[in-house]
Amino acid sequence: MAQEVRGVIARTKGASVELETIVVPDPGPGEAVVKIRSCGVCHTDLHYREGGINDAFPFLLGHEAAGTVESVGEGVTEVAPGDFVVLNWRAVCGRCRACRRGRPWYCFDTHNAKQRMTLTDGTELSPALGIGAFAEKTLVAAGQCTKVDPAASPAAAGLLGCGVMAGIGAAINTGRVGRGDSVAVIGCGGVGMAAVAGSALAGAAVVIAVDLDDRKLEIARRLGATHTVNSRSQEPVEAIRALTGGHGADIVIEAVGRPETYKQAFYARDLAGTVVLVGVPTPEMRIDLPLQDVFGRGGALKSSWYGDCLPSRDFPMLIDLYQQGRLDLDAFVTETIELDGVEEAFARMRGGDVLRSVVLL
Ligand SMILES: NC(=O)c1ccc[n+]([C@@H]2O[C@H](COP(=O)([O-])OP(=O)(O)OC[C@H]3O[C@@H](n4cnc5c(N)ncnc54)[C@H](O)[C@@H]3O)[C@@H](O)[C@H]2O)c1
Ligand SMILES: [Zn+2]
Ligand SMILES: [Zn+2]
């Protein structure tokens, strides 16, 4: 029996989101219905609301979530009703060229649930990043569910579903941060802050956190930053160079998604360093770089999707680190809110006032 539940909908470009009734069908073959316990507000949700990702309105927002499996469809063996799970963006195939090369976020053959959730008038919804978890329940592919220890707090576990995984993975999986490296992270929101924590976990000797807001920089110190730079008062490229013996950082992680910070990341790295691009630009954004600089700097320019994670490997590992007290996921949660508080949470995110607002259900 299809069920009616409440969900947060972005109807048109730039309009305030509204809490509306949505219809969640029974899970079909390979699918699961998940009762959402927590869902963090990520900047990507705001990008969807602004039409910055695509125009497939109306969106059912929310994609950084943990929940309990309520029911599963035919042939599902990965999870069973009652399992506590973290949701991931895509059920990757595991067989295509991208999957076999260990880059599943470039999978050509994802098996997400068909878009079958609707408004009560039958209008088809686009679930953000294939999830749609600002809702009491959502329909996903069973392969998007990773079982984790049910003793973990839902607010903390849900963060792994996007921002924290994207940030930690950008450092560890994409950037290959290792013992003794110097790292600069430009932009310390939920994603960049996790890149700071991931760099510290990986043994970096120098971790430079860069942001416009001293409150963020203070938290970054708690999570392992050895130095902080406020770009309002210091030119960040010069400051990063000064803190790394004049060379620039071995790994620079961009977690804002703006032309000026892309450019800073490019120039703040050591000549043989790696730039990891995590911030999502909008279609009209451009930067202009002298080709001599592009050529003359060795190293690597990499983009990082979802921290190049493998959910079944990385989610349980990060939950372990959290429960051992080695990864302070609670420090990311600025506030917990209700489903009807998402629009106000977007305003606080724009104002830079929160690291993460987390909807608890
Ligand atoms: N690649 C991925 O897999 C992935 C996953 C999740 C989010 N993202 C993207 O990462 C970006 C960050 O997401 P978030 O949720 O952390 O956002 P956020 O809004 O919480 O954080 C952005 C941070 O950047 C800071 N900032 C803004 N302009 C700056 C500047 N010029 N210099 C230095 N700092 C600046 C802000 O003060 C804020 O702390 C977004 O573009 C989001 O879409 C990418
Ligand atoms: Zn996200
Ligand atoms: Zn694949």
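Indexing begins at 1, ligand by ligand and atom by atom, following the structure's order. Since this is a predicted model, take the numbers as computed values, not measurements.
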Are the charged groups of [X] and [Y] less than 4.0 angstrom apart, N to O?
X      : Y      : value
Arg176 : Asp181 : no
Arg356 : Glu335 : no
Glu20  : Arg11  : yes
Glu50  : Arg350 : yes
Arg49  : Glu343 : yes

Just wondering, are more than 12 heavy atoms of other shown residues or ligands nearer than 6.0 Å to NZ in Lys263?
yes

Check this for me: Gln324, atom CD, are more than 12 non-hydrogen atoms of other residues, nucleotides or ligands nearer than 6.0 Å?
yes

Between [options], flag the one that comes closest to [atom] by a heavy atom.
atom                    : options                        : result
atom 30 (C) of ligand 1 : Leu129, Val276, Val278, Thr261 : Thr261
atom 40 (C) of ligand 1 : Val256, Val354, Asp308         : Val256
atom 1 (N) of ligand 1  : Cys309, Ala194, Ala166, Ser304 : Ser304

Would one find an N or O of [X], backbone or side chain, under 3.5 Å from an N or O of ligand 1?
X      : answer
Tyr306 : yes
Thr44  : yes
Asp213 : no
Lys216 : yes
Gly192 : no

Closest protein heavy atom (residue, atom, distance) for [atom]:
atom                    : answer
atom 6 (C) of ligand 1  : Cys162 SG, 3.4 Å
atom 18 (P) of ligand 1 : His43 ND1, 3.6 Å
atom 29 (C) of ligand 1 : Leu212 CD1, 3.5 Å
atom 21 (O) of ligand 1 : Gly189 CA, 3.2 Å
atom 12 (C) of ligand 1 : Ala255 O, 3.3 Å
atom 10 (O) of ligand 1 : Gly279 CA, 3.7 Å
atom 39 (O) of ligand 1 : Asp211 OD2, 2.7 Å

Look at the rings of Trp105 and Trp89 and say which category their plane angle falls in: under 30° parallel, 30 to 60° tilted, over 60° perpendicular.
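Geometry flag for Trp89 against Trp105: perpendicular rings.
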
Check the orientation of Phe59 and Phe57. Use parallel for under 30°, tilted for 30 to 60°, and perpendicular for over 60°.
perpendicular

Do [X] and [Y] come close enough that some side-chain heavy atom pair is under 4.5 Å?
X      : Y     : value
Phe315 : Asn88 : yes
Thr68  : Asp83 : no
Ile53  : Thr44 : yes

The single option from Val191, Asn173, Asp308 that satisfies side chain to side chain contact (heavy atoms under 4.5 Å, CB included) with Met165 is Asn173

Let me see the working for Asn230 and Asp214 under side chain to side chain donor-acceptor pair (under 3.5 Å), right down to the final yes or no.
CA-CA 7 Å; Asn230 188 322; Asp214 285 331; 3.0 Å; yes

Would you say Glu64's side chain and Gly161's backbone share a donor-acceptor pair under 3.5 angstrom?
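Absent.
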
For ligand 1, does Arg258 get within less than 4.0 Å through its side chain, its backbone, both, or neither, judged by non-hydrogen atoms?
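No part of Arg258 is near ligand 1 at this cut-off.
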
Using a 4.0 Å heavy-atom cut-off, say whether Met193 meets ligand 1 through its side chain, its backbone, both or neither.
neither

Numbering as shown, the atoms of ligand 1 that approach Gly190 to under 4.0 Å (heavy-atom distance):
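Going through ligand 1 atom by atom, the ones under 4.0 Å from Gly190 are 16 (O), 20 (O).
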
Quick one: does [X] get within less than 4.0 Å of ligand 1, heavy atoms only?
X      : result
Gly352 : no
Gln264 : no
Cys188 : yes
Met349 : yes
Trp89  : yes

Could you pull out the N/O/S protein atoms under 2.8 Å of the Zn ion (ligand 3), ignoring any water?
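Less than 2.8 Å away from the Zn ion (ligand 3) sit Cys93 SG, Cys96 SG, Cys99 SG, Cys107 SG.
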
Return yes if a side-chain donor-acceptor contact under 3.5 Å exists between Thr261 and Glu254, otherwise no.
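The answer is yes; a qualifying pair exists.
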
Judged by modelled atom types alone, do Glu70 and Gln3 share a side-chain donor-acceptor pair under 3.5 Å?
yes

The Zn ion (ligand 2) contact by Cys42, N, O or S atom under 2.8 Å
yes

Under the criterion side chain to side chain donor-acceptor pair (under 3.5 Å), I'd like the reasoning laid out for Tyr322 against Asp330: C-alpha separation, chi angles, the key distance, then a yes or no.
CA-CA 9 Å; Tyr322 168 60; Asp330 298 326; 2.8 Å; yes

